[in-house]
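See below for the structure under consideration.
Note that ligands are numbered from 1 as they come in the structure, with each ligand's atoms numbered from 1 the same way. Computed from a prediction, not measured in an experiment: that's the story for all the values here. When reading the values below, keep in mind they use all heavy atoms of this one structure, side chains included, and skip hydrogens, waters and symmetry mates.
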Amino acid sequence: MNRAFYTFLSLFFISIYTYGQPLFIIEQKEKKYIGKHIEILEDTSNKLTLHDVINNPNFVRSTTEVPNLSVSNNSYWLKINIKNTLDTPNLIAQMGLATIDYVNYYIIYDDKRIDSIKTGDHTPFSSRPLMRPDFSFRFTLEKNRQATIFFKIKSGEQLQAPVTIGPENLMIESFFNADLIMGVYFGIVFVMMLYNLFVYYSTRDKSYIYYVVYISIVGLTQLNFQGYSYKYIWPGSVFISHQAVYVLSILVGIASVLFEKKFLMTYQYASKEDKWFKLFYAVYFISFIFLLLNKLNLSYQIIQINAMCTALYMLYVAVVVLKKGFRPAAYFLVAWSIFLIGVCVYVLKDIGILPYNNITYYMMPFGSAVEVILLSFALADRINTLKKEKEDSQVQVLLALQENQKLIKEQNIFLEQKVNERTLELAETNQELNVTLKDLKNTQAQLVSAEKMASLGQLTAGIAHEINNPINFVSANIKPLQMDVNDIMEVIAKYESITGNDHLKEKLEEIEAFKKKIDLEYTKGEIKTLLAGIEDGAKRTAEIVTGLKTFSRLDESDVKTANVNDGIESTLTMVRSAIPENIKIVKHLGAIPIIECFPGKLNQVFMNTFNNAIHAIEETKAGGTLTISSYVLDEDHICVSVEDTGIGMTPETKAKIFEPFFTTKDVGQGTGLGMSIVFTIIESHKGDINIETEFGKGTKIIFTLPMKLAVS
Ligand code: ADP
Ligand code: MG
């Protein structure tokens, strides 16, 4: 597989060898690569020694200024015949690629003297004859003398042989130039790193950290490519030097993806494309595994191809994000393109399509520096963009807030107005209500007094009726009594006319006859009867007057001790006249103690209740019974129950009977105040009213009254 891969790659790595015996003349000319004077021998066994190759006829001449030996497991021998035409004997031969793992340098002078130095990326830095990041070898060769230089090189990475040989002064000048260029590059990267790190500390925008990490790795990679890291950072560590190229290549690929993801917010602007980055991570991971397995060539090839694909894909994603209208993507696109151009030039140079010279050589660090700077601008712009977006939204929020406040203010004014209006309305209504209440109170007072007047009227009628009977009885007796008395008076007058003469006998006989005539015996009896009748009438009248007296305690407002039974009796007396013949009154008045109460008010309760009961019985048009009972309930309470066999009440009526003005009676018949007055009075006695009723059957109203009335 490795072989097939190599074949595929060699399509690009054009290296054509030609025959001949080239000789490189050292002159005072500017530094240039001398590939066309180099002959190359590929050692597939990796076992050939200098001795083996000195006279080997299989050396092939390179056709390019910088021989491209691609990525290979083989060792390569380079042979350069040189002749010094300069006055100075101090010369330097340079192998300009810093990442070659093994560089063996041999020089054979024409007097057969041999010098050799073994160095490379896989030997400690101290093995280098000149403390250069590249591989430079100082030697002396007198004017017009010849020598042959051999290099044996081998590497896990892309292997090229940028060889230059020249006088010391020229070479050292070129070293300075190289150091200067790379110094400028690292300076830019370093300053950008520091600057953006500070920006991160002030903005706390994470993309700055990604940027800093990214350019640190890019810078380190470049540093490593140019060999400076080995010189300055880890000169003692062969291990790091060995691994750095691979690890850094992987890290730079991953870091660039991470930075792009963060910077362009790809999860948001290119969520679909964003997912595919994982694929590249995976390939990098695979290359890392091969690295661990020490399959350096394979690992490096995978890294190279993956880096190329990743870079192009990143470009594509940036375009996608740009199309979504995220402006920083434009900066990114330009920066990334410039860097990629640098990389492309570098790679094209590596595979021999572009010439290997200072421009192509420094194109990658140059592209990288421009990228680093542009990306820093892009970050600033991005911050601005985000800030502006934020400010815009803040302005929006502020506007909305102001609008809200305005609305709230208006609402408040409106509400205040409404409240004022309402308050005024309420005040008016309140006043109206007060007036109405006053009216109502007046009306109620009037009605109560009307009810009272009605009671009084009824009372008066009752009294008149009651007194009328006995008085009639008396006056009817008086006429016959007068006649009887007249008869007796006549008898007495006849006796008085008798004087002391002899007509006594005659006179007496005459009186006897008169007595017989007027039936004196009967008259006497009649007088007795008549007098008894009068007495009876007078007694009845006196009784009524007593009842009236009891009842007329109606308006007494003081707590008195009274016998409730007396109240019931006197009330019954008062209403009796209104009771038709077909209503039977049954009394079960028990031995109840005298209680504390408002006797007049209780009488009104009885009267209202009796009247309702009588009315309810009358409604049945069939007569009935009114049963009045009184009894002791417990040691503190007595009860009075008023039971009728009247029409009873529906539940709706029962629920409402205590409401003032509630009546089922015709207009003019009831005021609807009776039971409400009853309620008020019983309440003032701290008593209870219990109503049992069934429509069509009758009603039983039970009053429970406390014996002691604690007046508050
Ligand atoms: P009024 O007698 O002027 O209608 P009341 O307050 O005395 O007002 O009674 C209210 C209503 O309660 C009566 O109209 C009547 O419908 C009902 N009511 C009260 N007592 C009885 C009762 N003993 N039997 C049936 N209905 C009654
Ligand atoms: Mg009534």
Side-chain angles (χ1 to χ4, degrees), residues 440-441 443-462 551 554 567-568 571-572 574-580 582-588 598 600-630 639-685 687-705:
L440 264 179
K441 269 184 183 160
T443 314
Q444 198 194 17
Q446 278 170 16
L447 277 168
V448 168
S449 70
E451 175 82 8
K452 233 179 239 171
M453 288 306 286
S455 307
L456 277 174
Q458 195 186 16
L459 198 61
T460 322
F551 192 82
L554 205 68
I568 293 169
T571 308
L572 263 180
M574 292 307 115
V575 297
R576 184 166 288 140
S577 65
I579 302 175
N582 57 358
I583 295 180
K584 216 174 113 198
I585 309 279
V586 179
K587 289 188 279 181
H588 297 295
F598 303 100
K601 289 188 175 170
L602 276 191
N603 287 345
Q604 195 172 358
V605 168
F606 299 142
M607 187 155 120
N608 289 354
T609 323
F610 295 165
N611 278 336
N612 282 344
I614 291 160
H615 189 268
I617 297 170
E618 278 175 342
E619 285 289 283
T620 63
K621 315 260 192 249
T625 315
L626 170 62
T627 312
I628 302 158
S629 324
S630 66
C639 285
V640 175
S641 107
V642 181
E643 188 177 0
D644 65 69
T645 56
I647 47 156
M649 285 177 257
T650 60
E652 294 79 36
T653 304
K654 185 187 169 187
K656 286 184 162 177
I657 61 168
F658 295 123
E659 284 176 19
F661 310 114
F662 171 76
T663 178
T664 57
K665 294 169 190 168
D666 295 336
V667 184
Q669 274 225 329
T671 59
L673 280 172
M675 287 312 281
S676 98
I677 290 168
V678 165
F679 182 83
T680 315
I681 293 171
I682 295 300
E683 201 182 35
S684 75
H685 279 84
D688 245 351
I689 307 172
N690 185 27
I691 299 174
E692 296 164 15
T693 181
E694 198 178 327
F695 187 68
K697 284 245 168 108
T699 304
K700 186 177 183 183
I701 302 183
I702 303 162
F703 301 104
T704 306
L705 294 164

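For T645 (side chain) and T625 (main-chain N/O), a donor-acceptor pair under 3.5 Å exists by modelled atom type. At least one donor-acceptor pair under 3.5 Å links the side chain of H685 to the backbone N or O of F598. Panel note: side chain T693, backbone M649; a donor-acceptor pair is recorded below 3.5 Å. In terms of modelled atom types and a separation under 3.5 Å, the side chain of T620 and the main chain of A616 share no donor-acceptor contact. With hydrogens and angles ignored, the 3.5 Å screen pairs a side-chain donor or acceptor of N608 with a backbone N or O of G674.
Of all the listed residues (L626, D644, T609, N611), D644 holds the heavy atom that lies closest to atom 23 (N) of ligand 1. Closest heavy-atom approach to atom 18 (N) of ligand 1 among the candidates E643, E659, K700, M649: M649.
Short contacts between ligand 1 and F662, defined as distances under 4.0 Å to a heavy atom of the residue, involve ligand atoms 8 (O), 10 (C). Here is the list of ligand 1 atoms found below 4.0 Å of a heavy atom in M675: 5 (P), 6 (O), 7 (O), 9 (O). Against a heavy-atom cut-off of under 4.0 Å, T653 is close to the following atoms of ligand 1: 16 (O).
Here T699 has side-chain heavy atoms under 4.0 Å from ligand 1, and that is the only part of it that gets that close. Neither the backbone nor the side chain of I647 has any atom closer than 4.0 Å to an atom of ligand 1 (non-hydrogen atoms only).
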Q: Evaluate the side chain to side chain donor-acceptor pair (under 3.5 Å) criterion for residues K665 and N612: first the C-alpha distance (whole Å), next the side-chain angles of each, then the deciding distance (0.1 Å), finally the verdict.
A: CA-CA 10 Å; K665 294 169 190 168; N612 282 344; 3.1 Å; yes
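The distance criterion of under 3.5 Å between nitrogen or oxygen atoms is not met by S676 with respect to ligand 1. Taking any N or O of G672, backbone or side chain, at least one lies under 3.5 Å from an N or O belonging to ligand 1.
Ring-plane geometry between F658 and F679 is classed as tilted, the angle between the planes lying from 30 to 60 degrees on a 0 to 90 degree scale.
Assignment of G648 to the shell around ligand 1 is supported, since a heavy atom sits closer than 4.0 Å.
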